[in-house]
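What follows is one structure encoded as structure tokens, with my remarks underneath.
As the structure is a computational prediction, the values presented were derived from the model and not from experiment.
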There are 2 protein chains.
Amino acid sequence: MQNRCTPIRQSDRLRELIEERIATGQYLPGMRLDEVALATEFSTSRTPIREALMQLSIPGLIVMRPRRGAIVAEISPQRLYEMFEVMAEIEAMCGRLAARRLTDTDRQVMTDIHKSCEEACASEDPDEYYRRNERFHLALYDASHNTFLIEEATSLQRRLSAYRRLQLRVRDRVSSSYIEHSNILEAILSGDGELAADVIRKHIVIQGERFADLMATIKEQTLSAASV
Amino acid sequence: MQNRCTPIRQSDRLRELIEERIATGQYLPGMRLDEVALATEFSTSRTPIREALMQLSIPGLIVMRPRRGAIVAEISPQRLYEMFEVMAEIEAMCGRLAARRLTDTDRQVMTDIHKSCEEACASEDPDEYYRRNERFHLALYDASHNTFLIEEATSLQRRLSAYRRLQLRVRDRVSSSYIEHSNILEAILSGDGELAADVIRKHIVIQGERFADLMATIKEQTLSAASV
DNA sequence: AAGGTAAATATTGTACACAAAAAAGCATTG
DNA sequence: CAATGCTTTTTTGTGTACAATATTTACCTT
């Protein structure tokens, strides 16, 4: 995608870096993002940092309270459930379109990634499974052949990734996720768009529910670095 | 929504202003957004302008090419079709949820707005109809009772508004739009979520198609201010 | 005269400075 | 000892300067 030869802008690089740290859970919800601290860490001035933060505030990854600094967004269980509800529909749409528009390469890519997921599942490595699982979903988006939809789905996946990651820690979640992927792939390969949409919807909604379970068991401080 | 007592930030005010100018077609696709020109116009410095522009580049309203300035995004017919395809699904989801979760006030608000649309339709004032039509759709989003979905739908509607507006100029589009709204409302009031989703999907897809017709007839220069 | 090259000009990206506002620390008082 | 008000310190928001890069203009060559 990025075929610009122009050297990348500082603020763009920083935005991606900070976004990744939020996605991987290095920056926890509620954590304060100090502009000067970030500036010194990345040995730059506050200007590019601010530009990066302002950009991240748009999709809601961070919250910038006027005159009161930026913090990593704290997503309430309620809102998270809503986000999963929307994600389910977006991915279901990808599946419906994928089933209708699947190319040979799409088929190849998806089956390959699914096989690599099987390996990660067998080796019981949740982190590795997480990464390959993520690739499976990205391949699903690509197969929809709607570039706008691909962008939206990817963006939403990124926003949820910090939470998705946790959710795979739940007992037996990896293996059931793998089985669900098998059903998804089967439906898409058979060309049944409505079936694919249904299966995906359930797959994501289950993730949301498992996450709700997790939230109920784990104490708040595990997720949130600071309270307001 | 905006219940902050803190005085608003310049960059936020500017972002909304520029966004509105894009939505209303005052800034046409391809138009260059000169930082110093904007700064002098709003009698401020380049810093808040830049922050506003960087934020607008995230949802793709404008394109910032490194070292080459910002332009209003030029959305290709292909991409516009894709956006309408996604919008159809998002709004269909709103309708499905609305049918299941409708409150008395939702019902009241939607019927009231629909009635006011009837008036605008009868008086054959496309601009007024456009505004009320917009309100109808916003009320539909609200009725979904999923605040995340409401935000996403609203954001997407804003991104498409410059194009939606044009599309109502097509012959008889206003009256057919009104009839479609009637069907949507009826489906939602009857509580049939799947029916509502179907009707809405068709309503939006028709908009996309009508727009494609428009694009085919009107010459490019009407829409686009400059070609690269 | 056309095309290409080099100087001139304009514009962007980043650093930094300063004012205004919020947070923290401190002292005073009930 | 707690609470409140004042002072100090920190942090944000914006203006401005400057260097690096595009773009335009002018000039020279063929």
[Y] versus [X], side-chain donor and acceptor atoms under 3.5 Å:
X        : Y        : answer
A:His137 : A:Glu91  : yes
A:Gln108 : A:Asp112 : yes
B:Tyr141 : B:Glu152 : no

Problem set entry | Pairing of B:Arg159 and A:Glu151 as salt bridge, 4.0 angstrom limit | no
For this session: In plain terms, say whether B:Arg46 and A:Glu51 are close enough for a salt bridge, that is, a side-chain N and a carboxylate O under 4.0 Å apart.
Result: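 Salt bridge absent between B:Arg46 and A:Glu51.
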Exercise. When the nearest nucleotide of DNA chain D is assigned to B:Pro48 and to A:Glu35 on a heavy-atom basis, which residue is associated with the more 5' position?
Worked result: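 With B:Pro48 and A:Glu35 compared, the 5'-side residue is A:Glu35.
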Nearest-Å distance, [atom1] ([X]) to [atom2] ([N])?
X       : N      : atom1 : atom2 : result
B:Arg65 : D:dT21 : CZ    : P     : 18 Å
B:Asp12 : D:dT12 : CG    : C1'   : 13 Å
A:Glu51 : D:dT12 : CD    : P     : 16 Å
A:Leu53 : C:dT14 : CG    : P     : 14 Å
B:Ile8  : D:dT14 : CD1   : P     : 11 Å
A:Phe42 : C:dA15 : CZ    : P     : 13 Å
B:Arg50 : C:dT11 : CZ    : P     : 14 Å

Exercise. Taking N and O atoms by type only, does the side chain of B:Arg67 place a donor or acceptor under 3.5 Å from a partner on the base of D:dT21?
Worked result: no
For this session: Look at the side chain of A:Arg68 against the base of C:dA23 and say whether a donor-acceptor pair falls under 3.5 Å; ignore hydrogens and angles.
Result: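 Donor-acceptor pair under 3.5 Å: no.
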For this session: Determine: side-chain N/O of A:Arg32 to OP1/OP2 of D:dT12, distance under 4.0 Å, yes or no.
Result: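 For A:Arg32, the contact criterion (side-chain N or O under 4.0 Å from OP1 or OP2 of D:dT12) is met.
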Problem set entry | For B:Glu89, side-chain contact (heavy atoms from CB on, under 4.5 Å) partners two or more places apart |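 Testing B:Glu89 for side-chain contact (heavy atoms from CB on, under 4.5 Å), a comparison that skips the adjacent residues, returns A:Met93, A:Arg96, B:Arg201.
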Which protein N or O atoms sit under 3.5 Å from an N or O of nucleotides 16-18 of chain D?
{"unit_1": "D:dT16", "atom_1": "O4", "unit_2": "B:Thr47", "atom_2": "OG1", "d": "3.4"}

Problem set entry | Candidates C:dT11, C:dT14, D:dT14 - which lies nearest the side chain of A:Arg9 |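 Selected nucleotide: C:dT14.
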Exercise. The side chain of B:Gln10 lies closest to which of these nucleotides: C:dA15, C:dT12, D:dG15?
Worked result: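 Per side-chain heavy atoms of B:Gln10, the pick is D:dG15.
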Which protein N or O atoms sit under 3.5 Å from an N or O of nucleotides 6-10 of chain D?
none

For this session: Using ring pair (Phe, Tyr, Trp, His ring centres under 6.0 Å) as the criterion, list what pairs up with B:His114, not counting sequence neighbours.
Result: B:Phe136, B:Tyr178
Exercise. With B:Glu19, which residues qualify under salt bridge (Lys or Arg N to Asp or Glu O under 4.0 Å), at least two apart?
Worked result: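 With neighbours one apart ignored, the set is B:Arg158.
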For this session: Under the salt bridge (Lys or Arg N to Asp or Glu O under 4.0 Å) rule, collect the residues that match up with B:Asp142, sequence neighbours excluded.
Result: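 In terms of salt bridge (Lys or Arg N to Asp or Glu O under 4.0 Å), with neighbours along the sequence ignored, B:Asp142 is linked to no residue.
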